[in-house]
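For reference, the structure is listed below as structure tokens.
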Amino acid sequence: MKRSEINRCIKEMEELVRKNGFWLPPFCNFTPEEWKTKGHEYDEIRDNMLGWDITDYGLGNWEKVGFALITLRNGNQNNPKYSKVYAEKLLMLKEGQHSPMHFHWKKSEDIINRGGGTLIIHVYNDDGKEQLADTDVLVNADGRSYLVPAGTGVELKPGESITLWPHQFHDFDVKPGTGDVLIGEVSMCNDDNTDNCFQPPVGRFPKIEEDEAPYRLLCNEYPAAG
């Protein structure tokens, strides 16, 4: 992705967040220059990859396949320094955009429509070989449990949520005509380096063409503490 595209995505998500009355923690607003002054008191952000994350899954077409997200809080099960056992994210999915099919090896998560359009999540079971099974899928949504055929698109309107379990395949789309969606995620600790299984395989973090200065640093770009 071009840095100019990333900057634009972040500004669009900031506007969607404001529109829906959600307030971000201070570190989400740090400029690259401010990050150069931040010492070890901010190591939790660096070590657990809190903050901005824009991905096109290595496919080079963010408007069609991608996600903009912010990790607001996160523990680290591989580092005893961080004993928090949960994570929270905020995500933006634009109308006409798609986030590819995947499951998590360890993480269970609640996906919540925080505002905007109608979110569609297609669900499948893992067949045990990291492929999509044709068996019925158990849906747990806002206190209701029920079965749906494999590949069903579960619709979430603002305020509605679904629980996604390890090895439960899912993707993300927006119902046409309903508008961009602000998505919340409340989950077990998040590790995007080791806990994602995409079908078919895709990348996770984009290569960046530096065509302009960064507006915000991404979660894998912070300078080390001085």
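Worth saying up front: this structure is predicted, and the values here are computed from it rather than measured. Only this structure's heavy atoms are used, side chains among them; waters, hydrogens and symmetry mates stay out.
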Among I121, L119, N113, L156, exactly one meets side-chain contact (heavy atoms from CB on, under 4.5 Å) together with I183. Which residue is that? L119
May I ask you to say whether [X] pairs ionically with [Y], meaning some side-chain N is under 4.0 Å from a carboxylate O?
X: R3; Y: E210; answer: yes
X: E160; Y: K157; answer: no
X: K11; Y: E15; answer: no
X: E212; Y: K2; answer: no
X: K175; Y: E155; answer: yes
X: K89; Y: D192; answer: yes

Measuring from atom CH2 of W52 to atom CD1 of I70, what distance do you get when rounded to the nearest 0.5 angstrom? 3.5 Å
Pair [X]-[Y], side-chain donor/acceptor within less than 3.5 Å:
X: N74; Y: K84; result: no
X: Y82; Y: D47; result: yes
X: S99; Y: D171; result: no

For the pair H104 and H170, name the ring-plane relationship: parallel under 30°, tilted 30 to 60°, perpendicular over 60°.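 Geometry flag for H170 against H104: tilted rings.
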Mind running ring-ring contact (aromatic ring centres under 6.0 Å, His included) on Y57 and F67 for me, showing each step along the way? CA-CA 9 Å; Y57 298 99; F67 239 151; 7.1 Å; no
Less than 4.5 Å apart, side chain to side chain, heavy atoms only: is that true for E130 and W105? yes
Between R144 and Y146, is NZ or CZ placed under 6.0 angstrom from the six-membered ring centre and within 45° of the ring axis? yes
